[in-house]
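Step one of this worksheet: look at the structure below.
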Amino acid sequence: MNDSTNKTAGVRVRFAPSPTGYLHVGGARTALFNWLFARRHRGVMILRIEDTDAERNKPELVQGIIDGLKWLGVDWDEGPFYQSQRTELYRAAAKKCVANGNAFLCYCPADKYAGGDYAEPDQPGRDEEPKGGGPRRLTRCTCRDGKPSTPGAKPAIRFKVPIGGTTKITDAVFGESEFSNDEIEDFVLLRSGKGDEEFGQSMYQLGVVVDDIDMRVTHVIRGADHISNTPKQVLLYLALGATPPVFAHVPLILGADKSRLSKRHGATDVNMYRAEGFLPEAFRNFLALLGWSPGGDEEFIRTKDLIAKFSLEGVSRTNAVFDRPKLEWFNTQYLQRLAIEDLLPEVENELKRSGLWKPEWAAGAAPGPDGRDHAWFARTVDLLRPRIRLLPDFSTWARAFFSDEFMRDPAAKEKFWKDPKVPELLAKLAEALGNLKEWNHDACDHATRAVAEAGGVKAGLLINATRVAIVGQAVAPPLFDTMVVLGRQRVVRRLYDAVAAVAKA
RNA sequence: GGCGAUAUCGUCUAAGGGUUAGGACGUAGCCCUCUCAAGGCUAAAAUCCGGGUUCGAAUCCCGGUAUCGCUGCCA
């Protein structure tokens, strides 16, 4: 393939999103690959905002992209640079191309060759209009021979693509491919000026190349949708007297139906996964394995190992389907396997968000009036975590552990309070627990089983009924661990409360 | 339509001429068990089709098909 991994000295990569939307999972994956590559080679990661289309860009979206990257843990060493602030650089480069005969002034009307009505990416019309059979666009503009079609109009600058011959591109993941120059149109470098401007903003092809040269980018790692653009860019590098970087195109991420991932496939905005309560490291691990493999059988790969193992050679050439169930599996794995001190801050944030957090649970804080402190918090989270799927479950599913205001699930009552002996048993248990000399797992265990036996029922019946009584749910951690963590007072109180609740019903 | 690329279980992928084609998610069953998870075990499940090359092809070559991308004064 390529000796890209040998050229590790001075690796410089960039992630270059366009603020026309939120941070898409595809973009996030591209950002992650760039970041892993940079960190792997102790190189430099650059963030560049490609906002040269005033019509479509929304500056307020930049913050969302940055938030998404930060959540993902992808940081950068240089930037963010904004292309909208670098206009002069592009104009100078375009003029240089005109001067050295590689570009020309084009006076054609701006919409002369437009392929049709381009709707927003996620709207239905998009894929239908410009498909096959559409209007044939130009490859060679007549203006290149100095024959302006509309003299007097403001010109754009177009690249003068060589007639005949081929342009070869080398890609670290796709290998070599060759494009016939006659298939490459005379693409626009610089938009025509509006008002009293001589020229407008740069087009994509010019902007990337000028910036990648200026920022000394060594490896261009980006989505495979740019493969077809690459020959144009190679031509531009040559015209500007520069050496092309190593290109590494990464396969696209598709939806479950194997079509391009879009909103109708569900969440595509990275920030939605944060909002849903996925752990960033789990998301990162999942994303890293979409289109890349370390070669072996490992799947649970911590970030530092991701960095150590990442290489362009391991990048696949086939598009990958975004498989949400697997993402969820990664999340539960991380929820269970993370060091407890790494998980605690995430849970703290979640409880703060839902208003259940108490300051005495913070590290180093004095215990609250009920004796609960940071150690209690850690024990409780540890007890809860095997059953948690997403962070918000701590606030909803596990609410009874953090608050005395909780509801008992009607279905759970229906299932485990059916037996007419339940109220009497719960009352007896409350009494027995109240008299316990010690409050620990085994003491609770013995007391509970004794009450069940005395009442002539199987222990399981009482245990399940008690679970519903003290946490309100059919599903919770093992009962006696739950009792210990809740504390005697709460357990006894909730048991009597349950007896009353049954009586009322 | 043209050009480019890709094709291994439903999904993510390993195997870069010789393996019973491996692992993971999901699915099904069993074990564990106070619920539900987790965990353990087991099962079903793939080399797009057709030609070559070769003693031998998932792997190399050609054709077909399918899919994806590009084909904008979008990025």
Side-chain angles (χ1 to χ4, degrees), chain A residues 16-20 50-53 55-57 106 108-116 118 121 130-134 136-137 139 156-158 169 171 174-175 177-180 182-185 187-192 200-201 203-205 207-208 223-232 249 251-252 254 256 258-260 286 289-300 316-330 332-333 336 385-389 397 412 415-416 445 448-449 458-468 473-480:
Chain A
S18 156
T20 52
E50 307 217 321
D51 55 352
T52 52
D53 185 351
E55 308 264 310
R56 303 200 337 140
N57 288 306
C106 173
C108 297
D111 57 358
K112 181 173 178 185
Y113 300 105
Y118 285 82
K131 264 276 157 41
R136 286 289 88 86
R137 53 88 182 80
T139 51
I157 294 180
R158 280 184 191 271
I169 66 172
D171 188 288
F174 284 88
S177 33
E178 212 174 349
F179 293 76
S180 162
D182 294 333
E183 293 292 332
I184 305 172
E185 66 188 310
F187 53 98
V188 176
L189 260 23
L190 212 56
R191 293 176 170 90
S192 54
Q201 292 263 287
M203 290 291 287
Y204 168 72
Q205 313 287 0
V208 249
D225 48 341
H226 286 291
I227 289 177
S228 302
N229 288 324
T230 308
K232 295 178 190 169
H249 289 95
L252 302 177
L254 310 177
K258 300 210 173 197
S259 71
R260 194 188 182 118
F286 168 71
L289 260 16
L290 236 39
W292 173 76
S293 163
D297 282 345
E298 329 96 295
E299 295 234 72
F300 183 89
S316 150
R317 283 173 299 277
T318 64
N319 294 166
V321 171
F322 186 90
D323 185 32
R324 182 170 167 121
K326 191 147 188 180
L327 167 62
E328 292 180 357
W329 176 79
F330 271 109
T332 58
Q333 289 298 305
Q336 282 173 86
R385 63 159 149 177
R387 268 152 271 256
I388 299 287
R389 298 197 71 76
W397 178 79
K415 186 173 178 191
F416 289 127
D445 189 336
T448 305
R449 290 183 196 279
K458 285 198 288 190
L461 188 149
L462 213 210
I463 287 170
N464 288 326
T466 304
R467 177 177 294 109
V468 177
Q473 299 181 155
V475 175
L479 186 70
F480 309 120

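Computed from a prediction, not measured in an experiment: that's the story for all the values here.
The side chain to side chain contact (heavy atoms under 4.5 Å, CB included) search around A/Ala320 returns A/Leu290, not counting sequence neighbours. Among residues two or more places apart in sequence or in another chain, the side chain to side chain donor-acceptor pair (under 3.5 Å) test is passed with A/Arg324 by A/Glu276, A/Glu328. For the side chain to side chain donor-acceptor pair (under 3.5 Å) test, no residue two or more places apart in sequence or in another chain qualifies with A/Ser180. For the salt bridge (charged side-chain N to carboxylate O under 4.0 Å, His left out) test, no residue two or more places apart in sequence or in another chain qualifies with A/Arg387. A search for salt bridge (charged side-chain N to carboxylate O under 4.0 Å, His left out) contacts involving A/Asp323 returns nothing, not counting sequence neighbours. Legend: residues meeting side chain to side chain contact (heavy atoms under 4.5 Å, CB included) with A/Asp445, ordered by chain and number and at least two apart, are A/His441, A/Arg449, A/Phe480. For the side chain to side chain donor-acceptor pair (under 3.5 Å) test, residues two or more places apart in sequence or in another chain that qualify with A/Thr230 are A/Arg222, A/His249. Listed by chain and number, the residues in a ring pair (Phe, Tyr, Trp, His ring centres under 6.0 Å) with A/Phe179 amount to none (sequence neighbours excluded). Residues satisfying the side chain to side chain contact (heavy atoms under 4.5 Å, CB included) criterion with A/Phe330, sequence neighbours excluded, are A/Ala282, A/Asn285, A/Phe286, A/Leu289, A/Glu299, A/Lys326, A/Tyr334.
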Would you list the protein and nucleotides 58-65 of chain B atom pairs, both N or O, that sit under 3.5 Å from each other?
none

Listing time: all N or O pairs from protein to nucleotides 39-49 of chain B that are below 3.5 Å?
{"residue": "B/G39", "atom": "OP1", "partner": "A/Gln333", "partner atom": "NE2", "Å": "3.1"}

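Put simply, the side chain of A/Ser192 and the base of B/C73 share a donor and an acceptor less than 3.5 Å apart. Judged by atom type and distance alone, A/Asn229 reaches the base of B/A75 through a side-chain donor-acceptor pair under 3.5 Å.
For B/A75, one of the phosphate oxygens OP1 or OP2 lies less than 4.0 angstrom from a side-chain nitrogen or oxygen of A/Arg191. One finds a side-chain N or O of A/Arg158 lying less than 4.0 angstrom from the OP1 or OP2 phosphate oxygen of B/C73. Contact between the side-chain N/O atoms of A/Thr20 and the OP1/OP2 oxygens of B/C74 is not found at any separation under 4.0 Å. One finds no side-chain N or O of A/Arg56 lying less than 4.0 angstrom from the OP1 or OP2 phosphate oxygen of B/A75.
Across the P atoms, B/U59 and B/A21 are found 14 Å apart, a figure rounded to whole Å. Using P as the reference atom, B/G29 and B/A37 are 12 Å apart when rounded to the nearest Å. Between B/A58 and B/G1, the two C1' atoms lie 33 Å apart (nearest whole Å). Of the C1' atoms belonging to B/C31 and B/G22, the separation is 25 Å, rounded to the nearest Å. Separating the C1' atom of B/G64 from that of B/C9 is a span of 24 Å, rounded to the nearest Å. Here the separation of B/U47 from B/A14, taken at their C1' atoms, is 13 Å to the nearest Å. Using C1' as the reference atom, B/U20 and B/A46 are 15 Å apart when rounded to the nearest Å.
Among the protein residues, A/Ser18 comes within range of the sugar-phosphate backbone only, with heavy atoms under 4.0 Å from sugar or phosphate atoms but none that close to a base. Nucleic acid contact class of A/Thr466 (heavy atoms, under 4.0 Å, all strands): none. Residue contacts for A/Tyr204: at a heavy-atom cut-off of 4.0 Å it reaches a base atom on one of the strands shown. Using a 4.0 Å heavy-atom distance criterion, A/Leu479 is classed as a base contact. Using a 4.0 Å heavy-atom criterion, one finds that A/Ser177 contacts the sugar-phosphate atoms exclusively. The residue A/Gly291 sits close only to the backbone: its heavy atoms come under 4.0 Å of sugar-phosphate atoms, none of a base. Counting non-hydrogen atoms under 4.0 angstrom, A/Pro477 reaches a base of the nucleic acid.
If you check the side chains of A/Asp53 and A/Gln201, you find no donor sitting under 3.5 Å from an acceptor.
Contacts between residues 320-328 of chain A and RNA chain B, counted as heavy-atom distances below 4.0 Å, involve A/Ala320, A/Val321, A/Asp323, A/Pro325, A/Lys326.
Taking atom CG of residue A/Asn319 and atom P of nucleotide B/G69, one finds them 8 Å apart after rounding to whole Å. The distance from atom CD of A/Gln205 to atom C1' of B/C70 is 10 Å, rounded to the nearest whole Å. Protein atom CZ of A/Phe187 is 17 Å distant from nucleotide atom P of B/C70, rounded to whole Å. Going from atom CG of A/Asn464 over to atom P of B/A37 covers 14 Å, rounded to whole Å. Remark: P of B/A37 and CD of A/Gln473 are 14 Å apart, rounded to the nearest angstrom. Per the geometry, NE2 belonging to A/His249 stands 13 Å off P belonging to B/A5, to the nearest Å. Look at CG on A/Leu252: it is 13 Å from P on B/U6, rounded to the nearest Å. Straight-line distance from the CZ atom of A/Phe179 to the C1' atom of B/U71: 12 Å, rounded to whole Å.
Taking the side chain as every heavy atom from C-beta outward, A/Met203 and A/Thr52 never approach each other to under 4.5 Å. Contact check for A/Leu189 versus A/Arg158: no side-chain heavy atoms found under the 4.5 Å cut-off. A/Cys106 has its side chain out of reach of A/Val188: every pair of non-hydrogen atoms, C-beta onward, lies at least 4.5 Å apart.
A/Phe416 CZ to A/Arg467 CZ: the interatomic distance, rounded to the nearest 0.5 Å, is 7.0 Å.
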